[in-house]
Amino acid sequence: MTAPFTPKRTTEDYQALDAAHHIHAFLDQKALNAEGARVMVRGQGLNLWDNDDKRYLDGMSGLWCTNLGYGRQDLTAAATQQLEQLPYYNMFFHTTHPAVIELSELLFSLLPAHYSHAIYTNSGSEANEVLIRTVRRYWQILGKPQKKIMIGRWNGYHGSTLASTALGGMGFMHEMGGMLPDFAHIGEPYWYAEGGDLSPAEFGLKAARELETKILELGAENVAAFVAEPFQGAGGMIFPPESYWPEIQRICRKYDVLLCADEVIGGFGRTGEWFAHQHFGFEPDTLSIAKGLTSGYIPMGGLVLSKRMAEVLVEQGGVFAHGLTYSGHPVAAAVAIANLKALRDEQIVSQVKNDTGPYLQNALREVFADHPLIGEIQGTGLVAALQFCEDKATRKRFANESDITWQCRTFGFEEGVIIRSTLGRMIMAPALVADHATLDELVEKTRRAVDRTAQQLGLL
Ligand SMILES: Cc1ncc(COP(=O)(O)O)c(C=O)c1O
């Protein structure tokens, strides 16, 4: 079978056309045009090949999403079969279809028992848009329409649409397109940068108690929900201290504020648990999901609701004034079913927890614990971050840390590994099917990129 586009052009041709027609994500387009985008043409397992047949080990699972890796025939077959049988139908006209029904049956068999309902979307951003409207609707039904402020965290990321940007805490994103009313933010639980002389446990409590201060400042009667990633992904893969989440949960319960976990990155096995909130031991009222739901083979996201919330919406809510053309899309649902079955039946999640996760975490600590450039190694399962520092003893960070990690990322590409730079941290999140040899290659190529960065800084 051939692809429905011109078979092969030169990389220069692709780059020129790409520059002529695209505005890329989170980049200076003019600078990228001068350089030319890397053209990826094929993937297998954890490997990607560019148009000049250079191989890269994908240490980021695409964008934290190809949990099963590339080239899975079971996912392709599921999509093909569903395309042939029923490529599209919707959930509007009093209708439904087997693919979405079976997806939900499977999804809720994997989730803790207090979740019961899902509203499917095409992406994580949309999942969070739906979250904002659904949470506000929930409080309206309960006779508290003034309870509508959503509290997020500075440097949190919840998507790129207008409201998900407002919910997120990326100041440079707020500056493009403006902020919305009824959103507020608290600090991030980033001990390395902000913990000062406090122990991580003390700092975790302090960071969590910012939520209480914010709720009291806004008035609990006005606050609908606190929304956060269990571990912060795009904001630097920041793992909060153990004291953080139990305190956040206590505060939310005390002030009757919904606790909403954005599981778009953490869901579907990344930490070695099915969902990241299970790793941290708290019980959110809602879960935003996407990415690993279909291993990125086809777009799909969703909002998962607790039974308690769903009961209010269904039994007392009347018409739910929301709907997306592609909500529960049959082809996406079929791929999600195949993906979840593979994660479950091949015991991939427990393998991450008991074998490959500890293997990667140990290897990173062995290689980088004494590295002059690395101040902290964080992570669990198959997600990890290396914190760059100027002075290990004082936890001093480089003033131009983003430039330094960006350089490291470029060295990574040259060494044939894709790792991500975010502020002062290098991040990795390989596909959950990585074996020991692949993880060895990931760590070794990362070491080379970090060493080259340290050499450039005169530290090695
Ligand atoms: C935690 C989190 N939430 C939401 C999103 C947005 O998802 P999408 O890019 O599918 O809209 C992302 C994307 O990276 C994310 O990391």
Side-chain angles (χ1 to χ4, degrees), residues 23-27 58-67 118-135 150-170 172-174 177 183 185 188-190 225-240 245 259-271 275-277 279-280 284 286-304 324 326-327 329 332 335-336 339 379 381-383 385 418 420-423 425 427-429:
I23 307 281
H24 282 243
F26 293 103
L27 279 176
D58 182 2
M60 277 305 299
S61 312
L63 267 179
W64 338 68
C65 57
T66 55
N67 288 12
I119 304 166
Y120 292 106
T121 65
N122 303 291
S123 68
S125 301
E126 280 179 347
N128 287 320
E129 293 284 329
V130 176
L131 166 73
I132 295 161
R133 296 191 66 221
T134 305
V135 158
M150 313 286 297
I151 303 180
R153 294 190 303 208
W154 292 116
N155 250 355
Y157 185 77
H158 301 294
S160 267
T161 52
L162 189 55
S164 65
T165 296
L167 180 61
M170 303 283 183
F172 73 108
M173 290 178 72
H174 296 163
F183 289 90
H185 300 87
E188 52 187 328
Y190 186 7
F226 174 64
V227 188
E229 301 149 87
F231 64 87
Q232 202 158 281
M237 221 302 290
I238 290 157
F239 267 65
W245 277 114
L259 177 50
C260 303
D262 186 334
E263 290 269 9
V264 167
I265 286 179
F268 307 104
R270 179 58 59 197
T271 62
F275 294 89
H277 72 269
H279 171 80
F280 290 101
T286 70
L287 310 175
S288 305
I289 56 173
K291 297 195 190 269
L293 172 60
T294 54
S295 273
Y297 277 54
I298 199 159
M300 189 175 216
L303 177 68
V304 170
L324 303 171
Y326 300 125
S327 185
H329 192 287
V335 173
N339 176 61
L382 289 183
V383 55
I418 302 177
R420 179 167 172 174
S421 66
T422 305
L423 300 172
R425 291 157 93 87
I427 303 175
M428 62 182 68

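Since we're looking at a predicted model, the values are computed, not measured. As the structure lists them, so they are numbered: ligands from 1, and atoms in each ligand from 1.
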- line: The atoms of ligand 1 lying under 4.0 Å from a heavy atom of Ser125, numbered in the order shown, are 6 (C), 7 (O), 8 (P), 11 (O)

Atoms in ligand 1 with a heavy atom of Gly124 nearer than 4.0 Å: 6 (C), 7 (O), 8 (P), 10 (O), 11 (O)

- prompt: Looking at Gly159 and Thr165, what are the two nearest heavy atoms and their distance?
  reply: O-OG1, 3.5 Å

message: Under 4.0 Å from a heavy atom of Ser123: which atoms of ligand 1 are those, numbered in the order shown and with their elements?
response: 10 (O), 11 (O)

message: Once rounded to the nearest 0.5 Å, what's the spacing between atom CZ of Arg425 and atom CD1 of Ile238?
response: 5.0 Å

message: Would the distance check show the side chain of Thr286 and the main-chain N or O of Val304 forming a donor-acceptor pair, the cut-off being under 3.5 Å?
response: no

- prompt: Is the Phe231 ring parallel, tilted or perpendicular to the Phe280 ring (thresholds 30°, 60°)?
  reply: tilted

- prompt: Near Asn128, which atoms of ligand 1 are under 4.0 Å from a heavy atom of that residue?
  reply: 3 (N), 4 (C)

field: Within-cut-off N or O pair, Lys291 and ligand 1, under 3.5 Å
entry: yes

task: Just say parallel, tilted or perpendicular for the rings of Phe268 and Phe275, cut-offs at 30° and 60°.
output: perpendicular

task: Determine whether the side chains of Asp262 and Asn128 contain a donor N or O and an acceptor N or O closer than 3.5 Å.
output: yes

query: Quick one: does Asp262 get an N or O within less than 3.5 Å of an N or O on ligand 1?
result: yes

query: For ligand 1, which atoms have a heavy atom of Ile265 less than 4.0 angstrom away?
result: 16 (O)

Closest non-hydrogen atom pair, Gly177 against Leu162: O-CD1, 4.1 Å

- prompt: Short N/O distance, under 3.5 Å, between Glu229 and ligand 1?
  reply: no

- line: Per-atom filter on ligand 1: closer than 4.0 angstrom to a heavy atom of Tyr157 are 1 (C), 2 (C), 3 (N), 5 (C), 12 (C), 13 (C), 14 (O), 15 (C), 16 (O)

